[in-house]
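Have a look at the structure below before the remarks.
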Amino acid sequence: RPVLVAEGLGGESGHLVAMTSDGAGILVASQRGRVERLDGTLVFDLSPFLPDPPTAFGGLFNIVAHRGELYAFYSTGDSLAVVARIGADGRPSALVTSAKYRVQHYGGGLAASGGYLFAAFGDGQHFQGEGETSGLHGRLVRLDLATGVVDTLARGLRSPWRIAVHNDSVWIGDTGAFLWEEINRVSVADRSVHLGWPHAEGPHCHVVDCSPYRPPLLTYPTAAFGCSAVIGGTVWRDRYWFSDFCEAWFRSWDGTEVFQEFDLPGQVIGFAKAEERLFVLGYQGGRVWEVR
């Protein structure tokens, strides 16, 4: 069951986006750049480096603490997507920077394991699938933190908000256009595997032959009212936990069966596993629930 453990985080907007654990406790990030403890204590503020005023889908997307360092994924005022290391003074130092985005499918997925960061970038297009031809767009990449080398693990993504690394796999929640929401899984050893977009969406093929594209692991149809956006989660207690931004339920999957867990009030922006505990972040109201 979900238990409310914090609310009112995120300053004026209250729009939360991500959570991580930095060894000293749990950090919660908001879209406008505030990074706080669960008790509301401000750790640092990235807002000077983010779009002003913030756009609906711009700003700070994700944070992750790894091996004593803190990393962030955010958009800039000139529509770039940036993965950066955050210094002790709260200032970002860019590690990976995308080409300019035309629309707001930045992506924002960020995870870490071993000596690597993993980042998932959106396609930057509504329909054309710019991930086919342009730089980092529509890609899942792996950054070697020691050498700075960036490898593409997968392409053909539309808008991957959340990713998670578990064992040798990267789990990706990829938001669909009008038909299907999908969850994909790739190996950390994969190179440029194609996940289908814009030629396929969920189980639906838009072209004559979709056999070259890896099908998603799990799908569900977009809601009849047109607002669905899968929120990929994390692997916890041998299940993959995920949600939907618009519909505000959260579910778990054990590899065979999907379990409907609970409905929450308002919109849900993400899951986080911190200190071996599972949390759900509400987008509005600065609310955080712990699953117990």
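Numbers here simply count residues along the sequence, with the first being 1.
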Any donor-acceptor N/O pair, Ser75 side chain to Gly58 backbone, under 3.5 Å: no
Asp144 side chain to Ala146 backbone, donor-acceptor under 3.5 Å: yes
Residue pair Asp244, Val268: steps toward the side-chain contact (heavy atoms from CB on, under 4.5 Å) verdict: CA-CA 7 Å; Asp244 188 281; Val268 174; over 6 Å; no
Chi angles and distances behind the side-chain contact (heavy atoms from CB on, under 4.5 Å) call for Ile26, Arg37: CA-CA 6 Å; Ile26 294 168; Arg37 301 287 180 190; over 6 Å; no
What distance do [X] atom [atom1] and [Y] atom [atom2] have between them, rounded to the nearest 0.5 Å?
X: Ile231; Y: Cys246; atom1: CD1; atom2: SG; answer: 8.5 Å
X: Lys273; Y: Leu278; atom1: NZ; atom2: CG; answer: 8.5 Å
X: His15; Y: Arg34; atom1: NE2; atom2: CZ; answer: 14.0 Å
X: Gln284; Y: Glu7; atom1: CD; atom2: CD; answer: 13.5 Å
X: Phe259; Y: Ser252; atom1: CZ; atom2: OG; answer: 6.0 Å
X: Leu157; Y: His194; atom1: CG; atom2: NE2; answer: 9.0 Å

Given the rule that I, L, V, M, F, W and Y join up when any side-chain heavy atoms are under 4.5 Å apart, are [X] and [Y] in one cluster?
X: Leu46; Y: Leu70; value: yes
X: Phe49; Y: Val82; value: yes
X: Leu136; Y: Val83; value: yes
X: Val43; Y: Leu9; value: no
X: Leu179; Y: Trp197; value: no

Quick one: closest heavy-atom pair of [X] and [Y], and the distance?
X: Ser243; Y: Ala248; result: OG-C, 4.5 Å
X: Ala72; Y: Ile86; result: CB-CD1, 3.9 Å
X: Val165; Y: Ser113; result: CG1-CB, 3.8 Å
X: Val17; Y: Leu281; result: C-CD2, 4.0 Å
X: Leu60; Y: Ala29; result: CD2-CB, 3.7 Å
X: Asn62; Y: Ala18; result: OD1-CB, 3.4 Å

Compare all side-chain heavy atoms of [X] with those of [Y] and state whether any distance is below 4.5 angstrom.
X: Val193; Y: Leu153; result: no
X: Glu181; Y: Thr175; result: yes
X: His206; Y: His199; result: no
X: Arg277; Y: Val5; result: no
X: Leu50; Y: Gln31; result: no
X: Leu140; Y: Asn184; result: no

Listed once per pair and sorted, the ring-ring contact (aromatic ring centres under 6.0 Å, His included) pairs that draw on residues 22-46, sequence neighbours left out: none
Any pair counted as ring-ring contact (aromatic ring centres under 6.0 Å, His included), so long as it reaches residues 58-84, sequence neighbours left out: Phe61-Phe73, Phe61-Tyr106, Phe73-Phe121
Go through the structure and list residues passing ring-ring contact (aromatic ring centres under 6.0 Å, His included) with [X], not counting sequence neighbours.
X: Phe245; answer: Trp161, Tyr283
X: His166; answer: none
X: Trp236; answer: Trp241
X: Phe250; answer: Phe262, Phe271

Worked verdict on Leu117 versus Val96 for side-chain contact (heavy atoms from CB on, under 4.5 Å): CA-CA 10 Å; Leu117 276 185; Val96 181; over 6 Å; no
Take atom [atom1] in [X]; do more than 12 heavy atoms of anything else shown fall under 6.0 Å from it?
X: Asp238; atom1: CG; answer: no
X: Arg91; atom1: CZ; answer: no
X: Arg191; atom1: CZ; answer: yes

Within residues 196-216 or reaching into it, pairs that qualify as salt bridge (Lys or Arg N to Asp or Glu O under 4.0 Å) - sequence neighbours excluded: Asp190-Arg214
Counterpart residues, side-chain contact (heavy atoms from CB on, under 4.5 Å), relative to Val3 (two or more places apart): Arg1, Arg292
Connected hydrophobic set around Tyr220, excluding itself, where side chains approach under 4.5 Å: Trp171, Ile183, Leu217, Leu218, Val230, Val235, Tyr240, Phe242, Trp249, Trp253, Val258
Apart from Leu42 itself, residues in the same hydrophobic cluster as defined by side-chain heavy atoms under 4.5 Å: none
Pairwise disulfide bond (SG atoms under 2.5 Å apart) hits with a residue in residues 135-205, at least two apart: Cys205-Cys210
side-chain hydrogen bond (donor to acceptor under 3.5 Å, both in side chains) involving Arg287 - partner list, sequence neighbours excluded: none
Derivation of the salt bridge (Lys or Arg N to Asp or Glu O under 4.0 Å) call for Asp174 and Arg158: CA-CA 6 Å; Asp174 195 21; Arg158 181 176 180 268; over 6 Å; no
